[in-house]
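Accompanying notes for the structure given below.
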Amino acid sequence: MTIRICGVFAGKPPANSAPPESIMPRYQPARIEPKWQSWWEAHATFATPRLPGVRKTYVLDMFPYPSGDGLHVGHPEGYTATDIVTRFERMRGTSVMHPMGFDAFGLPAEEHAIRTGTPPRESTQRNIDTFRRQLKMLGFSYDWNRELATTDLAYVRWTQWIFLVLFDTWFDPAVQKGRPIADLPIPAEVAEQGEVAIAAFRDAHRLAYQSEAPVNWCPALGTVLANEEVIGGVSERGGHPVVRIPLRQWMLRITAYADRLEKELEHLDWPASIKKLQCDWIGRSTGAEVDFHVAPASGCDTAFAAWTSSRRASGFPQQPGNDVLRVYTTRPDTLYGVTYLVVAPEHPLVDSLTTPNHRQAIVAYREAAARKSDLDRTDLAKGKTGVFTGSHCIHPLTGQPVPVWVADYVLSTYGTGAIMAVPAHDDRDWEFAKTFGLDIVTVVEPDSGHAADGSLFTGDGRAIASGPYTGLETRAFIAKVAADLASAGLGKPAVNYKLRDWLFSRQRFWGEPFPILHELGPDGRPTGAICAVDETELPVRLPELTDFRPGDTPDPPLSRAGDGWLIVEKDGKRYRRETNTMPQWAGSCWYYLRFLDPTNADRFVDPEVEKAWMPVDLYVGGAEHAVLHLLYSRFWHKVLFDRGHVSCPEPFGKLVNQGMILGEMEFTGYRSAKGGWVSAQDHGEGDTAAKVPFDQVEKQGEHFVLRDAPKVRVESRAYKMSKSRGNVVNPDTVVKEFGADSLRLYEMFMGPLEATKPWSTAGVGGVRGFLDRCWRLVVDDRSDEVVLSPQVVDDAPTDDQLRELHRMLDKVTKDIPSLSFNTAIARMMEFVNVFTPLERKPRGVIEPFVVALAPFAPHLAEELWEVLGKPAPVSLMTWPHVEEQWLRDDSIEIPVQIGGKLRARVTVPADADIPTLEATAAADPRIAELLAGKQVVKVITVPGRMVNFVIR
RNA sequence: GCCGGAGUGGCGGAAUGGCAGACGCGGCGGACUCAAAAUCCGUUGCCAGCAAUGGCGUGUGGGUUCAAGUCCCACCUCCGGCACCA
């Protein structure tokens with residue numbers, strides 16, 4: 001007799017130590033998991049061919065940022081889902097592309113470098129090593145030969161190369177396509193001015209261009225941020241304040257692709273919510289631009305008449321002159337309700353519009369607005385502010401003067417930076433008019449009834465008090481007035497986007513250097529001319545620095561590199577390298593392409609390989625990338641497509657967002673300062689929150705209360721995992737305690753992939769119990785060695801056993817492609833529950849079960865396959881065929897209802913026809929009794945489903 | 001404020017308009033054991049009843065239907081995102 005169990009480890013495998021031989025028959029993930037991981041690696045089980053066979057699938061995970069904290073339990077959720085899909089597809093004979101890599105540039109590595117003085121490349125490498133170890137520990141079937149990190153020089157080379165493609169491309173609106181800059185038509189008046197002017201004209205049209213514009217400067221991070229990275233006036237990362245300062249920056253002309261980015265979403269198999277988020281972010285709106293003539297100090301009428309007649313002749317000009325204020329509106333039908341105009345504080349006409357007696361107030365207001373952070377400026381709770389300029393403009397249709405105000409609720413960066421205010425029909429204008437006592441003129445009535453004068457109505461309706469347009473419906477009015485304005489040269493239809501060009505440069509060290517050179521004049525100062533680094537000189541490496549700190553000023557750390565790095569001589573001219581670096585998004589914009597051909601030294605990807613594998617068939621990751629990453633990479637992909645470098649217009653065919661995994665469910669009670677319990681619904685400021693153990697709580701009605709004090713409610717919910725809350729679950733710990741297969745299976749069993757779900761360690765124990773039962777289904781747990789259970793026999797399976805097998809297989813086969821892993825696992829559990837008690841378990845059902853288990857618990861399945869005496873690997877076995885004949889029953893039990901209420905069940909032949917069903921149901925003693933003396937009005941019978949007697 | 005998503009046992013969840021609660025956790029009872037662990041078996045929505053059985057039950061209120069967790073209308077709560085874009 002061997003003593004198998006001792007001390008505190010009873011029931012659990014000893015942590016991470018090789019178990020003594022004597023207890024081997026127990027399921028020991030710590031032993032079998034590394035064994036099979038090495039086996040797969042040694043046999044290159046998951047190596048992907050260069051080109052796919054008849055059927056291909058490209059299944060991609062959003063690659064992780066390798067943070068110093070290591071893998072989080074959220075990572076394996078999506079990664080296990082895709083791993084199951086890819087293992088399943090391989091077993092079905094599909095060629096599978098399933099790579100993994102690391103998004104390794106980024107702020108945390110750099111901040112760590114600053115804190116510790118070690119170069120970011122070192123800590124990044126350490127973190128990648130940790131991540132790789134953890135990912136391998138979970139048995140994912142990646143082709144590790146394709147591993148890449150965005151920080152690899154061989155990768156940076158091609159990121160820079162793609163930047164040069166953007167630099168070499170302009171967007172031709174006529175064909176809605178990106179074209180080589182060499183094809184850009186040069187207007188004669190530019191050509192006349194010579195080479196410098198032509199170069200400047202080209203630079204102004206490139207998809208990658210420089211711009212001196214107000215940017216989001218984050219002093220705490222020492223860098224500027226893209227609009228998308230600023231949430232509510234603070235940085236998305238870290239929540240630091242952001243201020244607007246003017247600065248020369250690199251921009252990417254993503255707005256040129258706004259229409260295509262919106263329209264081409266339509267056919268993608270993406271969650272509707274993500275499509276909508278992208279749509280809203282792009283924010284296409286249609287309306288009209290309208291010019292308001294600036295009223296001269298005197299002689300207003302004649303000047304206006306002269307202006308309108310000249311406009312009638314010339315038409316609506318491309319650029320408004322200084323004599324007009326151009327506004328953008330989505331509601332030109334409310335033109336007759338305009339009672340004032342507003343320009344943004346940064347609007348170029350503010351100076352000329354300001355009259356001397358208002359100058360002081362205007363200057364003060366502009367200064368205050370510039371000082372305000374975006375947070376203050378966008379805080380709706382603060383109410384509207386503004387100042388009158390002293391000037392008026394002339395309403396283009398009525399000829400009446402309209403006062404011009406400056407207010408920061410108008411954004412300089414959207415539309416024309418100026419609006420026509422219609423307080424009766426726009427809530428922001430209404431609030432402003434109320435604040436400053438401006439006129440409110442109603443010009444739209446709701447279809448039902450009259451609007452009270454001076455009230456707010458923002459919907460569509462019928463025009464009133466609108467001159468010749470009175471009586472028109474909103475939509476008809478908009479169409480007609482837009483046409484009329486256009487023919488009078490006073491306005492034109494216009495489209496606007498919320499999307500702004502992508503601010504693409506950062507003042508940080510740990511990013512890709514731009515492959516751009518600035519020409520230096522004889523005085524050593526930049527001449528303004530720029531040129532691209534030659535393709536053959538890529539990659540441009542980061543210089544060796546010892547100090548990575550961002551400056552207090554927006555001067556990038558790279559500008560502190562020595563002249564050896566900074567200064568380049570070429571064709572007898574001196575150049576200074578661009579010292580900004582690219583944002584972290586750059587690398588993640590195209591990694592899915594490099595995976596296809598990761599070692600290619602001649603091209604970023606071989607076109608033949610790209611055409612064969614693209615697009616990505618399934619892309620799984622968190623919803624936090626809904627706009628940023630997914631919008632940016634679609635943009636890059638479209639540029640590459642336009643320039644003929646890739647074969648499809650969209651990179652990601654199907655997208656799935658895994659839900660967040662929260663910490664364990666917690667009960668929180670509140671204690672007052674005096675120490676007594678306070679009920680959760682009326683706890684206040686001074687009370688302290690305390691965790692209450694599960695067994696001291698019970699449910700009473702809708703709420704949980706303290707068991708010992710049922711009047712005291714406690715809160716119950718699960719929270720997002722965070723270090724500060726101390727509820728973070730570490731995958732290493734879970735693997736040590738339960739094994740990788742248990743972690744994988746548990747995360748898939750928790751609930752639907754897309755749902756937010758709380759963690760439950762007891763739940764992990766539950767699936768571990770299932771894997772234990774799988775083990776005992778095959779392995780003899782009474783022997784001292786790992787040998788086949790004597791209960792697994794060569795008997796021919798019975799019909800019932802085959803039915804159980806094929807029904808399980810059918811469910812699993814259907815559930816994997818639809819990513820319904822929780823129900824697939826439940827079905828496998830049922831299978832095991834059926835076969836566990838049997839004394840004789842036919843090989844003919846046990847073997848296919850092990851094959852079906854393999855995508856979910858691959859290590860255990862390999863081990864059991866070996867115990868069954870089969871040659872490894874089960875991972876590449878053919879997926880079991882589902883035999884239809886076993887999915888049907890000879891007889892079935894169906895419910896019988898009376899008036900829709902269940903009253904009995906009857907057993908009938910599976911193919912029974914309606915009369916048989918009704919007769920059998922009516923013959924049931926209980927039904928007969930209930931129907932006696934009642935009048936059956938109608939009988940509804942669904943063959944194979946149910947019978948319902950409707951009685952009076 | 002706007003836009004998404006979700007409300008089902010003590011908990012996670014399951015359910016092509018057709019037997020609500022599969023599967024798992026937890027609980028309860030039993031077998032095995034000197035005992036415990038592990039394992040196996042049974043049981044477990046609530047109320048009434050010894051039981052057969054009956055009643056009630058999918059956030060709330062209405063509606064459609066022979067039949068509603070599922071479809072429609074209104075509302076409530078929670079979670080997530082966006083937020084002066086004219």
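Letters go in sequence order (proteins before strands), and every chain restarts at 1.
One distance of note links OG1 of A:T413 with CG of A:D501; it measures 11.5 Å at 0.5 Å rounding.
Residues A:S285 and A:S273 each lie close to RNA chain B; by heavy-atom proximity, the contact nearer the 5' end of the strand is made by A:S273. Where A:T823 and A:D426 meet RNA chain B, the nucleotide closest to each residue was compared, and A:T823 sits on the side nearer the 5' end.
In this structure, B:C50 forms no base pair with any nucleotide, since neither Watson-Crick nor G-U wobble geometry is met with both distances under 3.5 Å. Nucleotide B:U77 has B:A6 as its partner under the Watson-Crick or G-U criteria, with both atom distances under 3.5 Å. A 3.5 Å limit on both hydrogen-bonding distances identifies B:C82 as the Watson-Crick or G-U partner of B:G1. Across all strands shown, B:G18 pairs with B:C66; the Watson-Crick or G-U wobble distances both stay below 3.5 Å.
In this structure, A:F749 places its CZ atom 9 Å from C1' of B:C25, rounding to the nearest Å. Rounded to a whole Å, the NE2 atom of A:H703 is 14 Å from the P atom of B:G9. Distance, A:M750 CE to B:G13 C1': 11 Å, rounded to whole Å. Taking atom CE of residue A:M828 and atom C1' of nucleotide B:G24, one finds them 13 Å apart after rounding to whole Å. One can place CG of A:L745 at 11 Å from C1' of B:G24, the figure rounded to the nearest angstrom. B:U39 atom P lies 15 Å from atom CZ of A:F770, rounded to whole Å.
Remark: the separation of the P atoms in B:C84 and B:C79 is 23 Å, to the nearest Å. Comparing B:C66 with B:G13, their C1' atoms sit 31 Å apart, to the nearest whole Å. Spacing of C1' atoms, B:C25 relative to B:U44, comes out at 13 Å, to the nearest Å. Here the separation of B:G54 from B:G62, taken at their C1' atoms, is 28 Å to the nearest Å. With both ends at atom P, the span from B:C46 to B:U65 equals 35 Å, rounded to whole Å. The same atom, C1', is picked in B:G12 and in B:U16; the two are 24 Å apart, to the nearest Å. Remark: the separation of the C1' atoms in B:G29 and B:A67 is 38 Å, to the nearest Å. The same atom, C1', is picked in B:G45 and in B:G69; the two are 15 Å apart, to the nearest Å.
Counting only heavy atoms from C-beta on, A:L277 has its side chain closest to B:G81 among B:G81, B:G18, B:C23. Candidate nucleotides B:G12, B:C56, B:A20 were compared by shortest atom distance to the side chain of A:L902, and B:A20 ranks first. Between B:G10, B:C66, B:C23, one nucleotide has an atom nearer to the side chain of A:N833 than all others, and that is B:C23. Across B:C25, B:A22, B:C3, the shortest atom-to-atom separation from the side chain of A:D280 is found for B:C3. For A:M665, the side-chain atoms get nearest to B:C11 when compared with the rest of B:C11, B:A22, B:A67. Side-chain proximity of A:N822 to the nucleotides B:G13, B:G54, B:A38 is greatest for B:G13. Looking at the side chain of A:P758, the nearest of the listed nucleotides B:C40, B:G12, B:C3 is B:G12. Of the candidate nucleotides B:A86, B:G55, B:U39, B:G55 has the atom lying nearest to any side-chain atom of A:R903. In this structure, of B:G18, B:C66, B:C79, it is B:C66 that holds the atom nearest to the side chain of A:V950. Distance from the side chain of A:A826 is smallest for B:A22 among the nucleotides B:A14, B:C3, B:A22.
Checked against the 6.0 Å centroid threshold, A:W759 and A:Y746 count as a close aromatic pair.
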Original post:
Are A:S285 and A:N496 close enough, and set up right, to give a side chain to side chain donor-acceptor pair (under 3.5 Å), and what steps lead you there?
Top reply: CA-CA 5 Å; A:S285 80; A:N496 264 294; 5.5 Å; no
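Within 4.0 Å (heavy atoms only), A:T756 reaches sugar-phosphate atoms of the nucleic acid but no base atom. Residue A:D429 is classed as having no contact, given no heavy-atom separation below 4.0 Å to the nucleic acid. Within the 4.0 angstrom heavy-atom criterion, base atoms lie near A:K498. Using a 4.0 Å heavy-atom cutoff across all strands shown, A:R827 reaches no nucleic acid atom at all. In this structure, A:T413 reaches neither bases nor backbone, as no heavy-atom distance under 4.0 Å exists between it and the strands shown. Residue A:E754 is classed as having no contact, given no heavy-atom separation below 4.0 Å to the nucleic acid.
Within 3.5 Å, no donor on the side chain of A:R926 pairs with an acceptor on the base of B:U53, nor the reverse.
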Can you give the donor-acceptor pairs under 3.5 Å from side chains of residues 941-948 of chain A to other protein atoms, not counting sequence neighbours?
unit_1	atom_1	unit_2	atom_2	d
A:T941	OG1	A:E918	OE2	2.8
A:N948	OD1	A:G899	N	3.4
A:N948	OD1	A:G900	N	3.1

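Remark: A:R725 qualifies as a cation-pi partner of A:Y719 under the 6.0 Å distance and 45° angle criteria applied to the six-membered ring. Remark: A:K841 fails to qualify as a cation-pi partner of A:F835 under the 6.0 Å distance and 45° angle criteria applied to the six-membered ring.
Residues meeting the side-chain contact (heavy atoms from CB on, under 4.5 Å) test with A:D741, sequence neighbours left out: A:Y27, A:E33, A:R744, A:L771, A:A857, A:P858, A:H859, A:L860.
Only one option out of A:K757, A:E77, A:E747 pairs with A:Q658 in a side chain to side chain contact (heavy atoms under 4.5 Å, CB included); it is A:E77.
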